[in-house]
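Predicted model, so just to flag it, every value in this text is computed and none were measured.
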Amino acid sequence: MLTCPSSMLTCSASMLRLAARRPAPLYSLSSASPLTSHLYHPPQSRSLSLSSVFSPEKSVASPKFTNRWAIAVPAFLTHLCIGAPYAWSAMSGPLTRDFGFVCSSAEDWSMTSATAPMSILFAFHGFSAALAGKWQMKVGPRTAIAAAAISFGGGFLLSAVGVATHNIGLVYFGYGVLGGIGLGLSYTPPIQTLIEWFPDKKGLASGLTIMGFGSGALLFAPAANVLLEKFSSLPTYLGTAVDTITENGRLFAESGGKMVEVVYANAADLAKLSTSGLQEGFYVVGSGDTGGMGLIGVAKPLMSEVFSGTLPSIVTASFASSFILMLSVGNLGGRLAWAAVSDKIGRPATFHLFTFGSIAIYASLPTIIQQVIQHQSAASLGAFCGLSVAAISMFGGVYSILPAYESDLFGTKYVGANHGKMLLFSSTAAIAGPSAFLYLRSLSEKAAITDLLSKIDPSAFKEKFGSDVSALDTLIEAKTVTVAKLMEIAPPGVVDPTPFLYDTSFYTIAAAIGVGAAAHAMIRPVNPKWYEKAE
């Protein structure tokens with residue numbers, strides 16, 4: 001999963017119609033140099049300055065400075081640093097098996113819990129950007145970015161403590177709340193600044209800045225994988241022929257003269273891991289270490305879960321990690337390419353391409369998945385990856401052209417504050433989108449388990465899990481019963497439903513984007529009578 005692109009498109013289109021401050025007409029480029037007409041003019045008050053270094057006046061360029069392209073570098077790098085959340089799916093998988101290591105144990109966080117920090121972060125991203133808009137204009141970009149650095153960096157440190165102590169609340173507060181506030185405070189100032197330096201290329205200006213945000217996974221996903229591998233340690237292996245007992249849905253076995261909780265890893269579980277030296281069998285819970293917080297929330301697990309069983313020689317753990325990088329390239333390229341396209345064909349036409357193109361992509365993904373499974377087709381897998389990258393490029397393009405689109409509709413003067421209001425609506429999407437995506441997947445998984453049980457001999461079930469079918473809910477809650485483990489005792493010829501668990505989610509995304517397309521079609525320019533008079 002990725003947030004969910006559908007929610008962003010829907011809320012973005014709606015917000016363009018609903019919220020903006022009164023616009024100011026654009027100044028003519030012929031009246032003065034663009035490098036002076038569009039410079040940031042801070043207010044005179046210095047009451048909220050942290051020091052003379054961070055005062056608003058210090059952020060105004062010298063009259064001798066005329067290279068506006070140089071301003072794009074710090075704007076890009078700022079967004080690159082705060083783009084780390086796009087690598088979260090490299091962490092969500094390991095966090096769901098922090099104790100079990102090879103697969104999830106009863107004490108491990110669910111995938112919903114492990115992906116929630118990213119949703120919370122993007123929610124507070126929008127809230128803080130909307131609420132801090134006026135304050136940022138008053139204190140200037142330096143103070144805003146300094147406050148953002150403290151909140152963003154401090155939040156990451158606190159979330160690391162949360163992972164080390166297995167405290168999900170600390171992760172939510174640190175990574176989600178504090179990290180999101182820091183993200184919101186640092187997101188709009190570089191965009192506002194660069195658009196003012198490029199009044200003649202607003203789409204390109206916003207694209208140059210925001211493509212840094214979309215490229216964060218290119219840097220941080222490989223770093224997360226390297227750190228996870230460096231600091232991981234293998235769990236204790238007990239073998240395949242082990243006497244176990246089931247208690248409250250959990251498996252226990254004797255090890256070292258005492259009963260310990262264990263998990264059983266089958267071939268499907270091991271195929272999702274990048275760690276070598278593991279084999280099928282029972283492992284002691286808590287005896288290994290996934291590497292902790294090594295530094296798009298379900299992209300890697302989705303790729304492994306859907307395709308690793310059908311094309312195990314291709315869809316390895318390394319391939320799943322590369323899939324994150326492919327999506328990041330699409331996100332990065334889309335933010336720059338679509339911004340340039342929007343300068344040529346206009347923002348409304350570009351947004352129509354996003355909505356209608358995304359509907360076709362998401363509606364076709366279940367069919368492509370079916371082709372991969374039925375024919376074991378690498379070509380169809382390539383089509384899935386290509387369409388996923390195209391969809392993510394449009395997702396990145398939405399974020400990229402929105403500031404310029406808002407400027408077209410409402411004027412340049414308040415683009416930072418207006419964009420903050422836009423991000424407030426995307427905050428709702430950040431929570432609702434991934435939650436709905438995973439909820440629909442959960443419903444599909446429960447339906448698949450029920451269907452498999454109707455085909456499995458009850459005696460085989462009891463022999464495998466140590467309990468009869470009446471204890472199913474407890475076994476599922478303890479993560480002892482999964483679709484993969486049920487397939488081990490399913491009769492020959494039963495089709496593994498795992499690759500199709502996301503079909504309902506993809507169709508729902510397509511429908512939601514359809515709502516966004518309808519909302520965008522109703523957007524109209526602001527009546528000139530509401531224009532703010534030029535001072």
Side-chain angles (χ1 to χ4, degrees), residues 1-4 7 78 81-99 104 107-133 135-136 143-188 213 216-217 220-221 223-224 227-228 231 289-298 301 420 423-439:
M1 181 9 253
L2 311 154
T3 73
C4 184
S7 304
T78 299
C81 291
I82 61 176
Y86 281 117
W88 181 254
S89 66
M91 291 305 309
S92 58
L95 288 178
T96 62
R97 45 183 176 78
D98 194 27
F99 287 109
S104 296
E107 292 297 324
D108 281 319
W109 296 327
S110 66
M111 181 58 73
T112 300
S113 298
T115 55
M118 183 176 177
S119 296
I120 297 172
L121 178 139
F122 280 111
F124 277 87
H125 167 210
F127 295 147
S128 58
L131 296 176
W135 174 78
Q136 288 173 323
T143 298
I145 295 296
I150 295 172
S151 181
F152 193 73
F156 271 52
L157 289 174
L158 186 60
S159 68
V161 175
V163 170
T165 59
H166 202 66
N167 187 326
I168 193 66
L170 281 181
V171 179
Y172 287 168
F173 181 72
Y175 192 92
V177 177
L178 294 181
I181 291 173
L183 179 58
L185 294 179
S186 58
Y187 189 84
T188 57
F213 189 60
F220 294 104
L227 291 172
L228 285 170
F231 294 103
D289 191 347
T290 59
M293 191 67 164
L295 307 192
I296 291 185
V298 296
L423 294 176
L424 182 62
F425 275 64
S426 75
S427 296
T428 304
I431 295 176
S435 298
F437 190 86
L438 291 173
Y439 175 73

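Here the closest heavy-atom approach between residue Pro85 and residue Tyr175 is recorded as CA-OH, 3.2 Å. Taking all atoms of both residues into account, the shortest heavy-atom contact from Thr96 to Ala114 is CG2-CB, 3.7 Å. When all heavy atoms of Ala147 and Trp135 are compared, the closest pair comes out as CB-CH2, 4.2 Å. Residue Ser128 comes nearest to Gly184 through the heavy atom pair OG-CA, 3.2 Å, listed as atom of the first residue, atom of the second, then distance.
Every residue two or more places apart in sequence or in another chain that forms a side-chain contact (heavy atoms from CB on, under 4.5 Å) with Leu170 is listed here: Leu158, Val161, Thr165, Asn167. Every residue two or more places apart in sequence or in another chain that forms a ring pair (Phe, Tyr, Trp, His ring centres under 6.0 Å) with Phe124 is listed here: Phe127. For Tyr172, the side-chain contact (heavy atoms from CB on, under 4.5 Å) partners two or more places apart in sequence, or in a different chain, are Ser113, Ala116, Pro117, Ile120, Ile168. Residues meeting the side-chain contact (heavy atoms from CB on, under 4.5 Å) test with Ala129, sequence neighbours left out: Leu423. Applying the side-chain contact (heavy atoms from CB on, under 4.5 Å) rule to Thr78 yields the partners Ile145, Pro190; only residues at least two apart in sequence or on another chain are considered. Every residue meeting the ring pair (Phe, Tyr, Trp, His ring centres under 6.0 Å) condition with Tyr187, not counting sequence neighbours, appears here in chain and number order: His79, His125, Phe213, His419.
Of the inter-residue distances, the one linking Asp98 atom CG with Asp108 atom CG reads 6.0 Å to the nearest 0.5 angstrom. Interatomic distance, Ser159 OG to Leu121 CG, rounded to the nearest 0.5 Å: 10.0 Å. One distance of note links OG1 of Thr115 with CH2 of Trp109; it measures 12.0 Å at 0.5 Å rounding. Taking CG of Leu185 as the reference point, atom CD of Gln136 lies at 6.0 Å (rounded to 0.5 Å). With rounding to the nearest 0.5 angstrom, the CG atom of Leu178 is 11.5 Å from the CD1 atom of Ile150.
In this structure, His166 contributes its side chain and Phe99 its backbone to no donor-acceptor pair below 3.5 Å. Between the side chain of Ser151 and the main chain of Ile181, no donor-acceptor pair closer than 3.5 Å is present.
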